[in-house]
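Residue numbering restarts at 1 for every chain, and letters A, B, ... go by the order of the sequence lines.
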Amino acid sequence: MPELPEVEITRRGLAAHLPGRMVSDVIVRDRRLRLPVTADLAGKLIGDSLIGIDRRGKYLLLRFGRGSLLAHLGMSGNLRVLPADAPARKHDHIDILFGKLALRYSDPRRFGLMLWLQGDGSDHPLLAALGVEPLGDAFSADWLFQATRGRRCAIKLLLMDSHVVVGIGNIYASESLFRAGIRPRTAACRLTRAQCARLVPAVCDTLTDALAAGGSTLRDFHSAEGQSGCFQQQYFVYDRAGTACRVCDSPIRGLRLGQRSTYYCPRCQK
DNA sequence: CCACGCTCCTGCGCGC
DNA sequence: TGCGCGCAGGAGCGTG
């Protein structure tokens, strides 16, 4: 499930192979994503060259001369570079062909997006309302303290609110709160300055560790399987209910928060 | 503005 | 072995 690190790894993989290449063909096998794939995507793209690839939260922006292609991987999506003649399999919904190479979008659950935007797309509603980047300078302890004032929701839900801070999904929200020693149900407005000062680096460390772990296993984007790095083995709490805390041996607890599975250590997190 | 629940979709794991 | 159920999750949207 792609969260910010996976999306950034994807960005780097694509950026290593595709910029400077011109689109020769576009094949859309299934337009039914979270929103329908832009009509006549081929007409928008063919003949244009890819300039570069940006990331905003979990969105990827493929920059072409005539506009931007906005991609979101949803829950189960992935973008890979393959030989153009690699046979398509089930759930391979879109191919953007760059001569001998294909950029292929696969997404079994079809929660993703593939939209053509005019210009740089920054005024598009999906992008305009996004919060701060957790690996950027704006994400600071002071900023988090201010952002949590007046917010009575659980801190885990606030961390996952992309209008506040982007890119933190269900897994890394639990992991970050463990590293910060803060219980996921704590009301956001009750976080102290000291807790904010722990949570900000905890989020950054969680994301950068995941990035490092995944980056090392996903270096070759020509390989068929662009999946799962090895960060999974490093989870402190996620999906570990009933098993021993890696730090203090207490049993990890699981609960539901905002319809989402949530995990924490009752001893390490207060 | 804020909080919260619903929704989209498919694959998988579990219980019977 | 097979069937059906519930869960997993990002994020927009509707409701109160």
Exercise. Where the side chain of Arg240(A) meets the backbone of Ile252(A), is there a donor-acceptor pair that is under 3.5 Å apart?
Worked result: no
For this session: For Gln269(A) and Ile182(A), indicate whether the former's side chain and the latter's backbone hold a donor-acceptor pair under 3.5 Å.
Result: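 A pair under 3.5 Å: yes.
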Could you state the [atom1]-[atom2] distance from [X] to [N], rounded to the nearest angstrom?
X         : N       : atom1 : atom2 : value
Met75(A)  : dC12(B) : CE    : P     : 12 Å
Tyr172(A) : dG10(C) : OH    : C1'   : 14 Å
Tyr263(A) : dA8(C)  : OH    : P     : 6 Å
His93(A)  : dC8(B)  : NE2   : C1'   : 13 Å
Leu73(A)  : dC9(B)  : CG    : P     : 19 Å
Leu159(A) : dA3(B)  : CG    : C1'   : 17 Å
Ile171(A) : dC7(C)  : CD1   : C1'   : 14 Å
Lys156(A) : dC4(B)  : NZ    : P     : 13 Å

Should we count [atom1] of [X] as having more than 12 external heavy atoms under 6.0 Å?
X         : atom1 : value
Lys100(A) : NZ    : no
Arg66(A)  : CZ    : yes
Arg63(A)  : CZ    : yes

Problem set entry | side-chain N/O His91(A) vs dC9(B) OP1/OP2, d < 4.0 Å |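 For dC9(B), neither OP1 nor OP2 has a side-chain N or O of His91(A) closer than 4.0 Å.
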For this session: Return no unless some side-chain N or O of Lys90(A) is found under 4.0 Å from OP1 or OP2 of dG11(B).
Result: yes
For this session: Answer yes if Leu73(A) and Val37(A) sit in the same cluster of Ile, Leu, Val, Met, Phe, Trp and Tyr residues linked by side chain heavy atoms under 4.5 Å apart, and no otherwise.
Result: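 Hydrophobic grouping puts Leu73(A) with Val37(A).
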For this session: Any chance you could measure Leu159(A), atom CG, to Leu199(A), atom CG, to the nearest 0.5 Å?
Result: 5.0 Å
For this session: Output yes when Glu133(A) and Arg55(A) qualify as a salt bridge under the 4.0 Å nitrogen-oxygen rule, no when they do not.
Result: yes
Problem set entry | Residue among Tyr263(A), Tyr172(A), Phe178(A) satisfying ring pair (Phe, Tyr, Trp, His ring centres under 6.0 Å) with Phe236(A) | Phe178(A)
For this session: Using only heavy-atom distances, determine whether the side chains of Arg179(A) and Thr206(A) contain a donor-acceptor pair under 3.5 Å.
Result: yes
For this session: Using only heavy-atom distances, determine whether the side chains of Lys156(A) and Thr262(A) contain a donor-acceptor pair under 3.5 Å.
Result: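 The criterion, which ignores hydrogens and geometry beyond distance, is satisfied for Thr262(A) and Lys156(A).
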Check: protein-nucleotides 11-14 of chain C nitrogen or oxygen pairs below 3.5 Å:
unit_1	atom_1	unit_2	atom_2	d
dA11(C)	OP1	His72(A)	NE2	2.5
dA11(C)	OP2	Lys58(A)	NZ	3.4
dA11(C)	N6	Arg260(A)	NH2	3.0
dG12(C)	OP1	Tyr59(A)	OH	3.1
dG12(C)	OP2	His163(A)	NE2	3.3

Exercise. Contacts to DNA chain B from residues 141-154 of chain A, heavy-atom cutoff under 4.0 Å, which residues?
Worked result: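 Output list: Arg151(A), Arg152(A), Cys153(A).
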For this session: For DNA chain B, find the residues of residues 109-122 of chain A with a heavy-atom distance under 4.0 Å and give them by number; none if there aren't any.
Result: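 Nucleic-acid contacts, sorted: Arg109(A), Arg110(A), Phe111(A).
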Exercise. So Asp107(A) and Ser76(A), side-chain hydrogen bond (donor to acceptor under 3.5 Å, both in side chains) or not? Walk me through it.
Worked result: CA-CA 5 Å; Asp107(A) 188 358; Ser76(A) 54; 2.6 Å; yes
Exercise. Among all residues two or more places apart in sequence or in another chain, which pass the side chain to side chain contact (heavy atoms under 4.5 Å, CB included) test with Arg29(A)?
Worked result: Ile27(A), Ala88(A), Asp92(A), Asp95(A), Arg104(A)
Problem set entry | Inter- and intrachain pairs under salt bridge (Lys or Arg N to Asp or Glu O under 4.0 Å), touching residues 141-150 of chain A, at least two apart |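 Qualifying pairs: Asp142(A)-Arg193(A).
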Problem set entry | Five-pair end axes of the helix from dC2(B)-dG16(C) to dC16(B)-dG2(C), angle between them (10°) | 50°
